[in-house]
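Notes for the one structure printed next.
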Amino acid sequence: LACAPSSEPPAGTIRPSVPADYVLELTQGGGVAGLYKTYRLRADGSLEARQRIGRSDSLLWKARLDIGKVASLRDVLLGEDILRLSANGRGNRTAFVLYVAGADTVRWSWNMSREVPEPLGAWFRRTWRLCALRGPD
């Protein structure tokens, strides 16, 4: 994780740089068929819903979100309450959150049949619902 602080953060605090171009991805799935659904949010407000079954990946739909809303989601994800959390698990059904911006990549994953540390779980559920509601009926 490359850091570019604008001022000295408190000891033990990690602050990734916040460039103008970034991607937030939320994925969940797994199981015998290897079915995964991903929502990919970009800084410009574009939203893609993708589905992967085994090795086959397909675009389901595209939509737009307000760029201020996307920035707000990013800011909460990169806030001290979530950024300090460690979640690196897998299971039959797994959830993933990925933040990519320039050289910075932050990733969380967890077995969906187990508890995920809050507030990461709350952020994931709220953001997943927001993305799902933007899709076609």
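The first residue in the sequence is number 1, and the count goes up from there.
Residues D81 and L85 come closest through the heavy atom pair O-CG, 3.5 Å. Between L98 and R107, the shortest heavy-atom contact is CD1-CB, 3.9 Å. Closest approach of L26 to W128, counting heavy atoms only: O-CZ3, 3.6 Å. The shortest non-hydrogen separation linking S109 to T94 is CB-CG2, 4.4 Å. I82 and P119 get closest at one heavy-atom pair: CG1-CG, 3.6 Å.
At least one donor-acceptor pair closer than 3.5 Å links the side chain of T127 to the backbone N or O of W123.
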Original post:
Yes or no on side-chain contact (heavy atoms from CB on, under 4.5 Å) for V97 and W110, after CA distance, side-chain angles and deciding distance?
Top reply: CA-CA 9 Å; V97 173; W110 61 93; 3.8 Å; yes
Subject >> Steps toward side-chain contact (heavy atoms from CB on, under 4.5 Å) verdict (V116, W108) >> reply: CA-CA 10 Å; V116 61; W108 296 266; over 6 Å; no
Original post:
What's the verdict on side-chain contact (heavy atoms from CB on, under 4.5 Å) for S46 and K62, showing C-alpha distance, side-chain angles and the deciding distance?
Top reply: CA-CA 7 Å; S46 63; K62 290 183 178 185; over 6 Å; no
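With values rounded to the nearest 0.5 angstrom, R134 atom CZ is found 10.5 Å from K69 atom NZ. Note that CD of Q51 and OG of S56 are 8.5 Å apart. Values are rounded to the nearest 0.5 Å. Rounded to the nearest 0.5 angstrom, L133 CG and R129 CZ are separated by 8.5 Å. The OG atom of S72 sits 9.5 Å away from atom CG of D66, with the distance rounded to the nearest 0.5 Å.
In terms of hydrophobic clustering, with Ile, Leu, Val, Met, Phe, Trp and Tyr side chains grouped at heavy-atom distances under 4.5 Å, F96 and L24 are assigned to different clusters. Criterion: ILVMFWY side-chain heavy atoms under 4.5 Å apart, direct or through other members. Under it, L47 and L60 are part of a common hydrophobic cluster. Criterion: ILVMFWY side-chain heavy atoms under 4.5 Å apart, direct or through other members. Under it, V76 and V106 are part of a common hydrophobic cluster.
Residues L65 and L130 meet the side-chain proximity criterion, which asks for heavy atoms closer than 4.5 Å. The shortest side-chain heavy-atom distance between L120 and L77 falls under the 4.5 Å cut-off. Between R50 and W61 there is no side-chain heavy-atom pair separated by less than 4.5 Å. Within the 4.5 Å cutoff, no side-chain heavy atoms of R93 are placed close to those of S113.
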List, one per line, each side-chain donor-acceptor pair under 3.5 Å for residues 27-41, sequence neighbours excluded.
unit_1: T27; atom_1: OG1; unit_2: T38; atom_2: OG1; d: 2.8
unit_1: K37; atom_1: NZ; unit_2: Y39; atom_2: OH; d: 3.3
unit_1: R40; atom_1: NE; unit_2: E25; atom_2: OE2; d: 2.6
unit_1: R40; atom_1: NH1; unit_2: E48; atom_2: OE1; d: 3.4
unit_1: R40; atom_1: NH2; unit_2: E25; atom_2: OE2; d: 3.0

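With sequence neighbours left out, R125 forms a salt bridge (charged side-chain N to carboxylate O under 4.0 Å, His left out) with E118.
Relative to the ring axis of Y22, R42 does not place its NZ or CZ within 45° and under 6.0 Å from the centre.
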